[in-house]
Amino acid sequence: MKYISDELEKIKKSGLYRKLNIVGSAQGTHLEINGKTYLNFCSNNYLGLANNPLVIKAVKDAVEKYGWGAGASRLVSGNMKLHEALEGEISRFKGKEASIVFPTGYMANIGTISSLVSKGDLVICDKLNHASIIDGCRLSGADFRVYPHCDIEKLENVLMKSTKYSRKLIVTDTVFSMDGDLAPLPDIVRIARKCNAMVMVDEAHGTGVFGKRGGGVVEHFNLSEKVNIIMGTLSKAVGSLGGYVSGDADLINYLRNKARSFMYTTALPPAVCAASIAAIKLIRENPSLRTSLWNNVRYLKEKLELLNFNVISSESPIIPILIGDAKKAVDVSKFLYKKGILIPAIRPPTVPAKSSRLRMTVMSAHTRKDLERLLEVLSDVQNLFMPEFT
Ligand SMILES: *Cc1c(COP(=O)(O)O)cnc(C)c1O
């Protein structure tokens with residue numbers, strides 16, 4: 001087993017070693033770590049629903065009625081009323097005929113992609129797609145092409161040269177998780193139609209954040225009829241756990257019969273589904289949650305630009321600050337931590353070399369005071385770490 005300690009040593013030497021923090025409080029705008037309180041600017045819990053009283057109430061009621069565990073896979077005896085109710089709720093939310101819920105978004109992606117295409121087919125990805133999409137593509141055994149980030153012309157070129165494939169699948173994040181920008185969905189859908197390819201989107205960071213009713217980027221662009229396969233997670237703005245795919249009834253029945261990460265794993269505890277149902281209702285019925293989120297995003301971006309930070313091409317509550325060098329990014333993140341602010345440094349291999357960054361996420365519940373404190377510390381960062389900017 002010496003290779004294990006050798007490899008760990010190597011990771012440490014290259015400055016890429018990862019450690020876990022231990023959070024001793026519920027998820028909110030502030031987190032307690034080792035007895036100290038930190039301002040949280042790295043949560044995907046955009047709307048604060050992970051700790052919402054109505055969500056907690058729904059969980060308690062569900063536990064009273066159904067107990068905790070689901071006891072078996074969905075296809076054996078684990079398929080309970082709340083799984084079905086959640087799938088119905090997601091279908092209405094997404095404007096699709098049917099939906100299937102997986103234990104996580106990661107499992108939804110690997111199970112779905114590897115069921116839709118296989119050896120002899122083609123799957124095409126944006127360069128910055130999430131790791132779970134990449135893993136699904138590899139697992140599928142299909143030929144796998146990548147186009148430069150959001151480069152529609154290159155996507156079209158790949159498709160034009162791929163007429164020999166009878167099955168072609170384009171997969172893209174709708175909101176890119178490290179840059180915070182949006183995929184050009186209307187163009188992707190248009191090209192897919194022209195070249196007879198299927199479109200699958202990952203709404204992990206879009207759901208609850210974009211669209212009039214919070215349905216996601218697909219709703220924002222009014223494309224729900226034209227996107228064949230809408231995937232997403234219940235673990236981000238929905239504040240719960242689980243992954244889903246929405247589409248027409250045939251697609252969903254097909255996945256129920258084909259997706260191994262659905263078939264060969266235990267169903268989610270029913271109370272987890274109750275939390276997701278309650279949270280989706282809150283998202284649909286409370287546009288004010290989204291309004292305060294977007295007010296915070298706009299305010300922060302404006303101020304960051306005045307401070308001359310490069311927020312790359314962010315169009316969402318994911319706001320990166322480009323640093324470049326990996327070690328410097330870690331040093332800045334450590335400095336922020338000392339000042340009581342949580343913002344992780346994102347380094348290769350998660351992002352390309354020399355594009356290490358701080359990755360901030362904003363929540364609806366951040367107060368103006370929280371944002372002012374962040375900006376105050378970031379202006380110190382400017383002076384201490386980035387003399388070239390001042
Ligand atoms: C977080 C994320 C996933 C995985 O979802 P989980 O439910 O956390 O497993 C998939 N795709 C994207 C784009 C994500 O950001």
Side-chain angles (χ1 to χ4, degrees), residues 20 27 42-47 49-50 83 86-87 90 93-94 99-114 116 123 125-140 146 149-150 169-183 185 188 199-210 216-218 220 227 229-246 255 259-262 265-269 272-273 275-276 279-280 283 314-320 344 346 349-351 357 359-363:
L20 295 166
Q27 293 291 329
C42 51
S43 179
N44 301 319
N45 175 24
Y46 298 111
L47 306 173
L49 296 176
H83 297 100
L86 173 57
E87 288 172 346
I90 294 170
F93 190 39
K94 294 288 169 176
S99 300
I100 176 174
V101 168
F102 294 73
T104 68
Y106 185 97
M107 291 168 81
N109 268 334
I110 61 169
T112 301
I113 298 169
S114 64
L116 288 173
V123 59
C125 281
D126 187 287
K127 177 94 169 64
L128 297 187
N129 276 354
H130 190 260
S132 57
I133 298 177
I134 310 294
D135 291 0
C137 294
R138 288 184 182 143
L139 188 63
S140 74
V146 172
H149 184 47
C150 291
L169 175 67
I170 304 167
V171 192
T172 182
D173 286 18
T174 58
V175 180
F176 289 89
S177 50
M178 294 303 139
D179 288 31
D181 56 342
L182 300 188
L185 272 197
I188 291 175
V199 178
M200 171 171 170
V201 299
D202 179 336
E203 286 268 46
H205 292 281
T207 303
V209 174
F210 286 87
V217 177
V218 172
H220 169 78
V227 173
I229 304 138
I230 303 176
M231 174 274 166
T233 174
L234 302 162
S235 66
K236 288 180 177 146
V238 180
S240 180
L241 179 70
Y244 59 82
V245 173
S246 299
L255 292 176
R260 295 169 65 85
S261 59
F262 173 81
T265 193
T266 300
L268 282 171
V272 172
C273 300
S276 302
I280 292 173
I283 289 172
S314 167
E315 301 171 77
S316 71
I318 299 170
I319 309 179
I346 309 288
T350 310
V351 292
R357 62 196 68 178
R359 177 184 180 273
M360 282 186 296
T361 49
V362 185
M363 294 171 66

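Just follow the structure's listing: the first ligand is 1, and inside any ligand the first atom is 1. What's counted below: heavy atoms across the whole structure, side chains too, no hydrogens, waters or symmetry copies. Please read these numbers as outputs of a predicted model, since none were measured by experiment.
Atoms CZ and OG, on Arg359 and Ser314 in that order, are 10.0 Å from each other to the nearest 0.5 Å.
Here the heavy atom of the protein found nearest to atom 6 (P) of ligand 1 is Gly105 N, 3.4 Å. Nearest protein heavy-atom contact of atom 11 (N) of ligand 1 is Asp202 OD2, 2.6 Å. Looking only at protein heavy atoms, the nearest one to atom 8 (O) of ligand 1 is Ser235 OG, 3.3 Å.
Looking at Lys236 against ligand 1, only its side chain comes within 4.0 Å, counting heavy atoms.
Contact annotation: the side chain of Val199 never approaches that of Val171 to less than 4.5 Å [non-hydrogen atoms, C-beta and beyond]. Side-chain contact between Leu182 and Phe210: present, with at least one pair of heavy atoms (C-beta onward) separated by less than 4.5 Å.
No side-chain donor from either of Tyr106 and Ser235 sits under 3.5 Å from a side-chain acceptor of the other. No side-chain donor-acceptor contact under 3.5 Å links Ser114 and Ser140. Under 3.5 Å, the side chains of Asp202 and Asn109 contain a donor-acceptor pair of N or O atoms.
The ligand atoms of ligand 1 that sit less than 4.0 angstrom from a heavy atom of Thr233 are 5 (O), 6 (P), 7 (O). Atoms of ligand 1 lying under 4.0 Å from any heavy atom of Ala204, numbered from 1 in the order shown and given with element: 2 (C), 11 (N), 12 (C), 13 (C), 14 (C), 15 (O).
Among the atoms of Met231, none of the N or O lies under 3.5 angstrom from an N or O of ligand 1. Taking only nitrogen or oxygen atoms, main chain and side chain alike, Tyr106 reaches within less than 3.5 Å of ligand 1. Between Asp173 and ligand 1, no pair of N/O atoms sits closer than 3.5 Å.
At least one heavy atom of Ser132 sits less than 4.0 Å from an atom of ligand 1.
Among the candidates Thr172, Asp181, Asn129, the single residue satisfying the side chain to side chain donor-acceptor pair (under 3.5 Å) test with His149 is Asp181.
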